[in-house]
Amino acid sequence: MADITFDRQRAEQAFDEFVRENRVLFAIVFPLVGAILLLASTESMLPPVLSFNPLLVLVGVVAMRLPLIAGLVTLVNRKAASALVILTAYAYSIEYIGVSTGVPYGSFSYSVGLGPLLFEKIPLGLPIFFLPLVVNSYLLCLLLFGERAERGLFRRSVAIITVVLMDLVLDPGAVGLGFWTYGGGQYYGVPLSNYFGWLVSATIAVTIFDWGFELADIRKRLQQCEFMLDTLVSFVILWGIVNIYFGNLVPVVLAGLLGLGLMKADRVDYTIRDVSPL
């Protein structure tokens with residue numbers, strides 16, 4: 001047992017160092033290149049083999065998630081693992097119900113392949129799209145609100161609102177790119193029912209995460225792990241650029257607010273030293 005624990009610690013430390021040495025790559029370079037490729041795909045400027053290539057999309061998304069994964073992995077005990085399994089099952093279930101019935105987000109369908117499909121309806125990689133919205137919102141809340149976030153109701157409420165805010169940035173950009181379509185809607189092609197659905201979905205997901213992970217452990221990890229919110233930085237850059245391109249003013253402003261939150265939390269502190277030599 002001691003050897004297993006030691007090996008896990010060494011692996012976690014190596015993972016931390018790998019992400020730390022490549023912060024600019026994961027938080028800035030990948031979203032910049034990703035935005036360019038996605039917009040070029042939209043404008044039919046790439047050869048078919050590269051245009052909205054599902055493998056490229058998944059690789060890029062996973063790369064941008066690595067800082068969050070590295071930050072969380074040391075916190076995963078039996079209870080936290082159970083919470084992540086429940087969250088994953090919930091993500092698949094609510095998406096399947098949504099695509100099949102239009103509840104709770106409103107009727108929508110995927111227009112661009114995002115990798116292999118589960119049950120021929122929803123992306124197999126869905127958790128890597130869904131879970132970071134929840135976790136990043138929760139972590140940002142802890143950093144911005146300090147002792148006030150010790151109160152469970154306050155903490156969960158702010159995290160839930162932030163998840164919805166992130167989707168107010170994400171969905172218009174995704175609709176513009178053609179990832180999915182609602183067939184029209186009041187908010188940049190997205191129906192308002194989508195956000196009522198996200199309010200419900202975020203409440204359930206944040207509650208599960210809050211139950212599974214110890215608050216004190218998360219706070220300690222945030223102090224140790226300066227890159228833990230780099231995944232949110234990449235989100236702001238990617239979807240900020242996409243929404244600027246499509247002229248979606250409100251999502252751009254909201255992305256800017258998220259960026260300001262990250263700066264206030266002192267999580268935008270990159271230097272050229274953060275890029276390891278090739």
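When all heavy atoms of Leu46 and Ser41 are compared, the closest pair comes out as CD1-OG, 3.4 Å. Of all heavy-atom pairs between Thr42 and Gly176, the closest is CG2-O, 4.3 Å. Heavy atoms only, all atoms of each residue included: Ala149 and Leu142 are closest at CB-CD2, 3.8 Å. Of all the heavy atoms in Tyr138 and Ala159, the pair that sits closest is CA-CB, 3.9 Å. Contact record, Ala174 with Trp239: N-CZ3, 3.5 Å, taken as the closest heavy-atom pair. A pairwise comparison of heavy atoms in Val19 and Leu66 identifies CG2-O, 4.1 Å as the closest pair.
Separating the CG atom in Leu39 from the CD1 atom in Ile241 is a distance of 8.0 Å, to the nearest 0.5 Å. Taking CD from Glu17 and CZ from Arg20, the interatomic distance works out to 5.0 Å, rounded to the nearest 0.5 Å. With rounding to the nearest 0.5 angstrom, the CG atom of Leu262 is 12.5 Å from the NZ atom of Lys264. Rounded to the nearest 0.5 Å, atoms CD1 (Ile160) and CG (Leu165) are 13.5 Å apart. Once rounded to the nearest 0.5 Å, the distance linking CZ of Arg65 with CG of Leu131 reads 10.0 Å. Atom CG of Leu170 sits about 6.0 Å away from atom CG of Leu133, to the nearest 0.5 Å.
Using modelled atom types, one side-chain atom of Ser137 and one backbone atom of Val163 make a donor-acceptor pair closer than 3.5 Å. Listed for the Tyr188 side chain is a donor-acceptor partner under 3.5 Å among the backbone atoms of Val250. A donor-acceptor pair is defined here as one N or O able to donate and one able to accept, closer than 3.5 Å; no such pair exists between the side chain of Thr74 and the backbone of Ala70. The closest donor-acceptor contact from the side chain of Ser201 to the backbone of Gly197 lies at 3.5 Å or more, if one exists at all.
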Next item on the list: Could you walk me through whether Val233 and Ile237 pass side-chain contact (heavy atoms from CB on, under 4.5 Å), step by step?
Entry: CA-CA 6 Å; Val233 175; Ile237 293 172; 4.0 Å; yes

Notebook entry, point to check: Which is it for Leu258 and Thr162 under the side-chain contact (heavy atoms from CB on, under 4.5 Å) test, yes or no, and what are the steps along the way?
Noted result: CA-CA 9 Å; Leu258 288 170; Thr162 307; 4.3 Å; yes

Next item on the list: Let me see the working for Leu50 and Leu37 under side-chain contact (heavy atoms from CB on, under 4.5 Å), right down to the final yes or no.
Entry: CA-CA 8 Å; Leu50 294 178; Leu37 290 177; over 6 Å; no

Next item on the list: Begin with the C-alpha distance, continue with both residues' side-chain angles, and end with the deciding distance and a verdict on side-chain contact (heavy atoms from CB on, under 4.5 Å) for Met166 and Leu232.
Entry: CA-CA 10 Å; Met166 289 183 69; Leu232 182 53; 3.6 Å; yes

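The stretch residues 230-244 participates, sequence neighbours left out, in these salt bridge (charged side-chain N to carboxylate O under 4.0 Å, His left out) pairs: Arg23-Asp230. Residue pairs satisfying the ring pair (Phe, Tyr, Trp, His ring centres under 6.0 Å) criterion with at least one member in residues 75-95, sequence neighbours excluded, are absent. Among residue pairs with one or both ends in residues 150-169, those qualifying as ring pair (Phe, Tyr, Trp, His ring centres under 6.0 Å) are Phe145-Phe154; sequence neighbours excluded.
Linking Ile, Leu, Val, Met, Phe, Trp and Tyr whenever their side-chain heavy atoms come within less than 4.5 Å puts Leu260 and Val169 in one cluster. Both Val49 and Leu56 sit in one connected hydrophobic cluster of ILVMFWY residues. Membership requires side-chain heavy atoms under 4.5 Å apart, directly or through other members. Under the 4.5 Å side-chain contact rule for hydrophobic residues, Leu117 and Phe179 do not share a cluster. Val103 and Leu192 fall into different hydrophobic clusters, defined by Ile, Leu, Val, Met, Phe, Trp and Tyr side-chain heavy atoms under 4.5 Å apart, directly or through other members. The same ILVMFWY cluster, assembled from side-chain heavy atoms under 4.5 Å apart, contains both Phe209 and Trp211.
Qualifying salt bridge (Lys or Arg N to Asp or Glu O under 4.0 Å) partners for Glu214, counting only residues two or more places apart in sequence or in other chains: none. Listed by chain and residue number, nothing satisfies the salt bridge (Lys or Arg N to Asp or Glu O under 4.0 Å) test with Arg148 (two or more places apart in sequence, or in another chain). Shown here are the salt bridge (Lys or Arg N to Asp or Glu O under 4.0 Å) partners of Arg221, two or more places apart in sequence or in another chain: Asp16. By the salt bridge (Lys or Arg N to Asp or Glu O under 4.0 Å) test, Arg156 pairs with Asp210, sequence neighbours left out. Applying the ring pair (Phe, Tyr, Trp, His ring centres under 6.0 Å) rule to Phe246 yields no partners; only residues at least two apart in sequence or on another chain are considered. Judged as a ring pair (Phe, Tyr, Trp, His ring centres under 6.0 Å), and not counting sequence neighbours, Phe227 has no contacts.
Of the candidates Tyr195, Tyr110, Phe108, Phe108 is the only one forming a ring-ring contact (aromatic ring centres under 6.0 Å, His included) with Tyr182.
Other residues, nucleotides and ligands contribute over 12 non-hydrogen atoms within 6.0 Å of the NZ atom of Lys79.
Annotation: side chain of Leu238 is in contact with side chain of Met64 (closest heavy-atom distance under 4.5 Å). Annotation: side chain of Leu58 is in contact with side chain of Pro116 (closest heavy-atom distance under 4.5 Å). Residues Val135 and Met228 are not in side-chain contact: their nearest non-hydrogen atoms beyond the backbone lie 4.5 Å or more apart. Within the 4.5 Å cutoff, side-chain heavy atoms of Leu139 are placed close to those of Leu68. Two residues are said to be in side-chain contact when any heavy atoms from C-beta on lie closer than 4.5 Å; Ser234 and Phe26 fail this criterion. A 4.5 Å side-chain heavy-atom check between Ile161 and Val164 finds every atom pair outside the cut-off. The side-chain heavy atoms of Asp171 and Tyr105, taken from C-beta on, include no pair separated by under 4.5 Å. With contacts defined as side-chain heavy-atom distances shorter than 4.5 Å, the pair Asn194/Tyr187 does not qualify.
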Would you be so kind as to tabulate the donor-acceptor pairs closer than 3.5 Å made by side chains of residues 118-129, with sequence neighbours excluded?
from, atom 1, to, atom 2, distance (Å)
Lys121, NZ, Ser100, OG, 2.9

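Clustering of Ile, Leu, Val, Met, Phe, Trp and Tyr side chains at separations under 4.5 Å places Ile244 together with Val252. Annotation for Met45: hydrophobic cluster partners, listed by chain and number, are none (ILVMFWY side-chain heavy atoms under 4.5 Å, direct or chained).
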